[in-house]
K.L.:
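Take this structure, written in structure tokens, and hold onto it; I'll ask about it next.
Atoms considered below: every heavy atom in the structure, side chains included; atoms not considered: hydrogens, waters and symmetry mates. Lettering follows sequence order; numbering is per chain, from 1.
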2 protein chains.
Amino acid sequence: MKDIRARLTDLLKVGYCTPRISGLAKALKEPPATIHYNIRQLEKGTIRGYRAVFDYKNIDQGFCTYAMIHIMPDEYMNPAKIAKDLAKYPQVECIDIVTGDWDLILRVRTKDIDEYYQFVKNVLGKMRLSRVQSVPTMKQIKDEFIEIKEDMILKK
Amino acid sequence: MKDIRARLTDLLKVGYCTPRISGLAKALKEPPATIHYNIRQLEKGTIRGYRAVFDYKNIDQGFCTYAMIHIMPDEYMNPAKIAKDLAKYPQVECIDIVTGDWDLILRVRTKDIDEYYQFVKNVLGKMRLSRVQSVPTMKQIKDEFIEIKEDMILKK
DNA sequence: CATTTATTTGAATTTTATTCAACAAAATAT
DNA sequence: ATATTTTGTTGAATAAAATTCAAATAAATG
């Protein structure tokens with residue numbers, strides 16, 4: 001059997017979705033043509049794309065880690081270059097350039113700690129970074145603006 | 001003129017989108033009916049929903065800050081309670097319970113630094129936290145798995 | 001290996017998005 | 001103020017896409 005599911009989720013993670021104009025038209029009580037026009041306008045700047053939201057543990061990305069990064073002194077004035085290189089990796093959910101204790105903050109999603117180790121070794125380990133501090137998430141309470149409801153396994 | 005744009009973004013923030021079956025079918029070189037069937041299966045557990053991704057500065061949420069939190073010693077064994085209280089606020093994009101230097105990591109989106117100050121004062125300031133370190137994002141390179149393409153304003 | 005369950009697919013049908021031209025409203029220029 | 005241009009709204013026609021369904025195939029199970 002073809003493994004369509006995995007290929008689908010890969011695409012839906014980054015796009016391949018579209019607004020439901022008829023649904024929006026009904027919800028807002030406006031004609032579809034009006035919704036259509038306004039969405040096109042929003043797409044010129046305000047809407048960056050459309051995508052699916054997942055239960056990540058079902059798509060081999062259940063392990064979420066913050067990676068706080070110091071870049072090398074000689075790269076210090078151009079963190080965007082390193083950040084853009086890192087942005088290419090699909091494990092990377094977000095990258096922010098910050099200032100203070102760290103230079104970059106990444107949110108990385110992998111299947112498990114083993115795959116995260118591979119990411120640190122093969123990706124971060126090969127860039128000009130002077131230090132990486134990994135902070136794994138023990139539990140997510142809210143994600144992508146959506147509260148996560150979950151039963152406590154060990155609750156007695 | 002009707003303010004359709006704002007009402008649209010409110011809905012698109014949480015849903016009102018759908019997968020593009022024909023696009024997926026072309027990309028994966030499979031018949032639309034097959035894509036349709038597999039997506040329906042994924043929707044039973046793996047896909048939580050579909051939504052738009054925004055350029056948040058255009059919808060009054062352009063200021064993004066990591067808030068690293070220490071909770072009080074007497075609450076230390078129950079961080080989930082505090083986390084769930086914080087999860088209620090719409091400015092909070094995500095909350096993770098971590099261990100190590102900090103107890104909680106929040107990602108908070110506000111219109112600007114003034115609104116963030118109000119959040120720290122009125123929300124964080126009123127909870128049993130022993131310390132909060134705020135790390136504002138200077139520039140986002142990737143967000144929600146989508147790379148941000150942007151011209152450098154000061155590039156010469 | 002018999003039976004059940006899950007998946008794939010083409011073709012018919014239904015639903016939805018898109019286009020377009022006319023009109024209306026707002027913004028801008030005179 | 002008002003003429004002119006730009007932006008936004010909308011119904012109706014058209015084009016495109018999603019959905020359904022039944023038949024075939026593949027995989028899992030007894």
K.L.:
Using the ring of A:Tyr56 (Phe, Tyr or Trp, six-membered ring only), decide whether A:Arg109 places NZ or CZ under 6.0 Å from its centre and within 45 degrees of its axis.
P.N.:
yes

K.L.:
Check whether any side-chain N or O of B:His36 sits under 4.0 Å from OP1 or OP2 of D:dA18, and answer yes or no.
P.N.:
no

K.L.:
What's the OH-C1' distance between B:Tyr16 and C:dA17, to the nearest Å?
P.N.:
18 Å

K.L.:
Distance check needed: D:dG8 C1' versus A:Leu42 CG, whole Å only.
P.N.:
13 Å

K.L.:
Does B:Lys13, at its NZ atom, have more than 12 non-hydrogen atoms belonging to other residues, nucleotides or ligands within less than 6.0 Å?
P.N.:
yes

K.L.:
Specify the separation, in whole Å, of atom CZ of B:Arg7 and atom C1' of D:dG8.
P.N.:
14 Å

K.L.:
Taking only side-chain nitrogens and oxygens of A:Tyr37, does any of them come within less than 4.0 Å of OP1 or OP2 of D:dT9?
P.N.:
no

K.L.:
Using atom CD of B:Gln41 as one end and atom P of C:dA6 as the other, report the distance to the nearest whole Å.
P.N.:
9 Å

K.L.:
For nucleotides 10-16 of chain C, print each protein N/O atom paired with a nucleotide N/O atom at under 3.5 Å, atom names and distance only.
P.N.:
none

K.L.:
Test the A:Arg51-A:Tyr16 pair against the cation-pi criterion, namely NZ or CZ under 6.0 angstrom from the six-membered ring centroid and within 45° of the ring axis.
P.N.:
no

K.L.:
Atom CD1 of A:Ile4 and atom C1' of D:dT25: how far apart are they, to the nearest Å?
P.N.:
14 Å

K.L.:
What is the separation between atom CG on A:Leu28 and atom P on D:dT9, rounded to the nearest whole Å?
P.N.:
12 Å

K.L.:
Check the phosphate of D:dT9 against A:Asn38, side-chain N and O only, distance under 4.0 Å to OP1 or OP2. Yes or no?
P.N.:
yes

K.L.:
If the cut-off is 4.0 Å, is A:Arg40 near the phosphate of C:dA17, judged by side-chain N/O to OP1 or OP2?
P.N.:
no

K.L.:
How are the rings of A:His70 and A:Trp102 set relative to one another: parallel (under 30°), tilted (30 to 60°) or perpendicular (over 60°)?
P.N.:
tilted

K.L.:
Rounded to whole Å, please give me the gap between CD1 in A:Ile35 and P in C:dA17.
P.N.:
10 Å

K.L.:
Does A:Lys142 use its side chain to pair, donor to acceptor, with the backbone of B:Ala87 at less than 3.5 Å?
P.N.:
yes

K.L.:
Using the rule given for salt bridge (Lys or Arg N to Asp or Glu O under 4.0 Å), can you reason through A:Glu43 versus A:Arg48, listing the C-alpha separation, both sets of side-chain angles and the distance that settles it, and then say yes or no?
P.N.:
CA-CA 7 Å; A:Glu43 284 171 350; A:Arg48 200 175 274 156; over 6 Å; no

K.L.:
Between B:Arg107 and A:Asp96, does at least one N-O distance fall below 4.0 Å, as a salt bridge requires?
P.N.:
yes

